[in-house]
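Worksheet: one structure, shown below.
All figures in this text were calculated on a predicted structure; none of them were measured in a lab. Note: hydrogens, waters and symmetry copies are ignored here, and every other heavy atom, side chains too, is used.
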Amino acid sequence: MMDERRDVALAIKSCLDSLMSDAARCDLGDLAHFISLAALAAEDAVAAYDPQAARLKVLMESDAGHC
């Protein structure tokens with residue numbers, strides 16, 4: 001069940017990211033900002049259902065592996 005919730009949250013985040021890009025491209029700044037907040041909430045939902053999320057977040061926030 002947790003994998004299904006994570007997958008659904010990832011799908012929703014992907015859709016929201018696409019909508020945010022479309023809104024920004026069409027010069028709808030306020031809408032793009034609102035959608036970006038929803039995308040952050042979806043990202044939090046993914047993290048809540050992904051046991052490896054905490055380790056990945058620490059790795060991505062560090063300078064390890066970045067040029």
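Residues V46 and L16 are members of separate hydrophobic clusters, defined by side-chain heavy-atom contacts under 4.5 angstrom among Ile, Leu, Val, Met, Phe, Trp and Tyr.
Checking side-chain atoms of S21 against main-chain N and O of D17 turns up a donor-acceptor pair under 3.5 Å.
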Under 3.5 Å, which donor-acceptor pairs do the side chains of residues 22-42 form with other protein atoms, sequence neighbours left out?
from, atom 1, to, atom 2, distance (Å)
D22, OD1, R25, NH2, 3.2
S36, OG, H33, O, 2.6

Please report the C-alpha distance between L10 and R6 in whole Å, then the side-chain angles of each, then the deciding distance to 0.1 Å, and finally whether the side chain to side chain contact (heavy atoms under 4.5 Å, CB included) criterion is met. CA-CA 6 Å; L10 280 171; R6 181 183 53 85; 3.6 Å; yes
